[in-house]
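Please read the structure below before turning to the comments.
The first residue of the sequence shown is numbered 1, and numbering continues consecutively from there. It should be emphasised that the depicted structure is a prediction, and the values quoted were computed from it without experimental measurement.
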Amino acid sequence: MELYQAVDVWKRISEIQLLRYRCFKNLTTSRYSVQSVDFYQLPLDVAHATSMETQYCELFAEQLPDVRSDSFNSLEEAIAAHDAEFRDA
């Protein structure tokens, strides 16, 4: 059984917009993957934030993060690959 450490990385887009990269570190391999990205805007919608938290847990239960997407040696690499994948989509 593999263990994972949750790592949240925040990016401030503007004074009212934020991104939260929902990342995991596989403690066996020490590699990082991005499971998803949450978008927030002020004023904060509590129902939306709760929904994103629920989705975060469901995604992890459904499929391991390093199976869902590639894994990388650093958080920066994982985030850059995730951004590139969705920028090209």
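- Atom OG of S30 and atom CD of Q5 lie 9.5 Å apart (nearest 0.5 Å).
- Connection of L18 to L44 is established within a shared hydrophobic cluster, with ILVMFWY side chains joined at heavy-atom distances below 4.5 Å, either directly or through further cluster members.
- A single hydrophobic cluster is seen to contain both V34 and V9, as judged by linkage of ILVMFWY side chains at heavy-atom distances under 4.5 Å, directly or through other members.
- Note that the CZ atom of F39 and the CG atom of L19 stand 5.0 Å from one another [nearest 0.5 Å].
- A side-chain donor-acceptor contact under 3.5 Å links Q35 to the backbone of F60.
- Crowding of E2 atom CD: a count of heavy atoms from other residues, nucleotides or ligands under 6.0 Å exceeding 12.
- V67 and F24 end up in the same hydrophobic cluster when Ile, Leu, Val, Met, Phe, Trp and Tyr side chains are linked at under 4.5 Å.
- For Y40, the ring-ring contact (aromatic ring centres under 6.0 Å, His included) test picks out W10, with sequence neighbours left out.
- Applying the side chain to side chain donor-acceptor pair (under 3.5 Å) test to pairs two or more places apart or on separate chains, those with a residue in residues 62-80 are Y4-D66, N26-D66, R31-S71, R31-N73, S74-E77.
- Transitive grouping of hydrophobic side chains (ILVMFWY, heavy atoms separated by less than 4.5 Å) keeps V7 and L27 in distinct clusters.
- To the nearest 0.5 angstrom, H82 atom NE2 is 7.0 Å from S36 atom OG.
- Sorted by first and then second residue, the side chain to side chain donor-acceptor pair (under 3.5 Å) pairs with a member in residues 44-60 read R22-E53; sequence neighbours excluded.
- If you take CZ on F72 and CD1 on I79, they are separated by 11.0 Å, rounding to the nearest 0.5 Å.
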